Asks: 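The following block contains the structure, expressed as structure tokens.
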Amino acid sequence: MGSVAALALSATMALAADKTIGFAQIGSESGWRAAETTVTKQQAADRGLDLRFSDAQQKQENQIAAIRSFIAQGVDAILLAPVVATGWDAVLQEAKEAEIPVVLLDRQVDSSEDLYLTAVGSNLVHEGEVAAEWLIGAVGDKPCRIVELEGTTGSSPAIDRKTGFENTLKGHDNLQVVRSQTGDFTRAQGKEVMESFLQAENGGKDICALYAHNDDMAVGAIQAIKEAGLQPGKDILIVSIDGVPDLFKAMSEAEANATVELTPNMAGPALDALDAYWKDGTMPPKFIQTESKLYTQADDPAGEYDRRKGLGY
Ligand code: GZL
């Protein structure tokens, strides 16, 4: 690295080195969430930042308490992955009054934009559209009864991924969502709800496809489908979102069909925006969008599994 670049890096490190960040994480409900935590801690360490971490066990009240604690500690910035979209106005107002910038990661809030510096995330509606477009292509004009495993009730991914999927199905009357229920983004609940869908739908014989708002619920559902004596990926097509290693493993065994990738590295763009803001007051855009890429069985799922399995999922 040239001396100028080294100087710039050390200047950034020096700038960041005395900064403290509070990270109010949702929990560890999915492989993707675990990877986001791993990557965020690494991104902070690479920048010489002091990261204080809180795991809210998927409870909003715990995240709010963590934010208040970070404010009391006088941190320089707060990262928040908001478990649900509503109920943040008061605590975000307190952070604003304490002049502590808040950056949202991977989910959105209904609060006014002036209560956070920026939000880093995917286009959640588009993810639902990509999943629906794949299924429309896979099914053609065959009748297809779809069951849907929704994410955490009231979370922006659950709301937006449902919207994108169902809007895209409009006009394709042969495809119909016949049952939809939350599995709270977890494998265990994905399996449990899928068992009830199978029971309600003639042992699963009347189900053509599963749309799961994340891969972990899909992996749980795959287990339930196999226990019901059916072949996931064949008897019941499976499309989901995240791109975690175990979904690629299932695809490599033809037990799943497609996933829309969600990068676990939301912290990189978030910390870059904070660096620029601290350096000279640069205001980032209110939304920094990450990529959404579709992977199917044609995209070397075994290789993708090998590439991803060590990345903290
Ligand atoms: C989406 C993110 C979701 C993941 C799930 O941006 O909030 O939360 O898709 C995780 O795996 O639980």
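Position 1 is the first residue of the sequence, and the numbers go up from there. Computed from a prediction, not measured in an experiment: that's the story for all the values here. FYI, side chains are in, hydrogens and waters are out, and symmetry mates aren't considered; it's all heavy atoms of this structure.
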Asks: Evaluate side chain to side chain donor-acceptor pair (under 3.5 Å) for Ser196 paired with Glu192, printing each intermediate quantity in order.
Replies: CA-CA 7 Å; Ser196 69; Glu192 205 177 294; over 6 Å; no

Asks: Taking the inter-plane angle between the rings of Phe165 and Tyr211 on a 0 to 90° scale, is it parallel (under 30°), tilted (30 to 60°) or perpendicular (over 60°)?
Replies: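 Phe165 and Tyr211: parallel rings.
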
Asks: Determine, step by step, whether Thr20 and Gln73 satisfy the side chain to side chain donor-acceptor pair (under 3.5 Å) criterion, reporting the C-alpha distance in whole Å, the side-chain angles of both residues, the deciding distance to 0.1 Å, and the verdict.
Replies: CA-CA 9 Å; Thr20 302; Gln73 294 170 47; over 6 Å; no

Asks: May I ask you to decide whether Asp215 forms a salt bridge with Lys249, counting only side-chain N to carboxylate O separations under 4.0 Å?
Replies: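 No salt bridge links Asp215 with Lys249.
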
Asks: Taking the side chain from Gln63 and the backbone from Ala81, do they hold a donor-acceptor pair closer than 3.5 Å?
Replies: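 Checking the backbone N and O of Ala81 against the side chain of Gln63, a donor-acceptor pair under 3.5 Å is found.
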
Asks: Might you point out which heavy atoms bring Gly203 and Leu230 nearest each other, and give the distance in Å?
Replies: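 Shortest heavy-atom separation between Gly203 and Leu230 comes out as O-CD1, 3.4 Å.
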
Asks: Is it true that a side-chain atom of Gln58 and a backbone atom of Glu29 form a donor plus acceptor pair closer than 3.5 Å?
Replies: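 Between the backbone of Glu29 and the side chain of Gln58 there is no qualifying donor-acceptor contact (under 3.5 Å).
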
Asks: Treating Glu150 as the side-chain partner and His213 as the backbone partner, does any N or O pair qualify as donor plus acceptor under 3.5 Å?
Replies: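 No, the answer is negative, given that no donor and acceptor are paired below the 3.5 Å cut-off.
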
Asks: Do side-chain atoms of Asp76 reach the backbone of Ile21 as a donor and acceptor pair under 3.5 angstrom?
Replies: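 No; judged by distance alone, with no hydrogens or angles, the pair does not exist.
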
Asks: Is it the case that the side chain of Asn265 and the backbone of Gly268 share a donor-acceptor pair, with hydrogens and angles ignored and the cut-off at 3.5 Å?
Replies: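 Side chain of Asn265 to backbone of Gly268: a pair is present.
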
Asks: Hey, does the side chain of Asp216 reach the backbone of Thr186 with a donor-acceptor pair shorter than 3.5 angstrom?
Replies: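 Such a contact is absent between Asp216 side chain and Thr186 backbone.
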
Asks: Just so I know, are the side chains of Asp300 and Arg307 near enough to count as touching, which here means a heavy-atom distance under 4.5 Å?
Replies: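 Yes. Closest side-chain heavy atoms under 4.5 Å.
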
Asks: Can you tell if the side chain of Val125 reaches within under 4.5 Å of the side chain of Asn167, non-hydrogen atoms only?
Replies: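 The answer is no; the side chains never approach within 4.5 Å.
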
Asks: Between the side chain of Arg179 and the main-chain N/O of Phe197, is any donor-acceptor distance below 3.5 Å?
Replies: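 Flag not set: sc Arg179 to bb Phe197 has no pair under 3.5 Å.
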
Asks: Using modelled atom types and a 3.5 Å cut-off, is there a donor and acceptor pairing between side-chain atoms of Asp242 and backbone atoms of Trp32?
Replies: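 Side chain of Asp242 to backbone of Trp32, a donor-acceptor pair under 3.5 Å: no, none is there.
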
Asks: For the residue pair Arg308 and Tyr295, would you count it as a cation-pi contact if the rule is NZ or CZ under 6.0 angstrom from the ring centre and within 45 degrees of the ring axis?
Replies: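 Yes, Arg308 lies over the aromatic ring of Tyr295.
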
Asks: If we only count heavy atoms from C-beta on, is the Thr152 to Ile26 side-chain gap below 4.5 Å?
Replies: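 Result no, sub-4.5 Å side-chain heavy-atom pair not found.
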
Asks: Verify the cluster assignment for Tyr116 and Ile67: are they in a single hydrophobic cluster under the rule of side-chain heavy atoms below 4.5 Å apart?
Replies: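 Per the 4.5 Å side-chain linkage, Tyr116 and Ile67 are co-clustered.
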
Asks: Would Gln199 and Glu195 count as a side chain to side chain donor-acceptor pair (under 3.5 Å) if you check the C-alpha gap in whole Å, the side-chain angles of each, and the deciding distance to 0.1 Å?
Replies: CA-CA 6 Å; Gln199 213 151 31; Glu195 285 163 350; over 6 Å; no

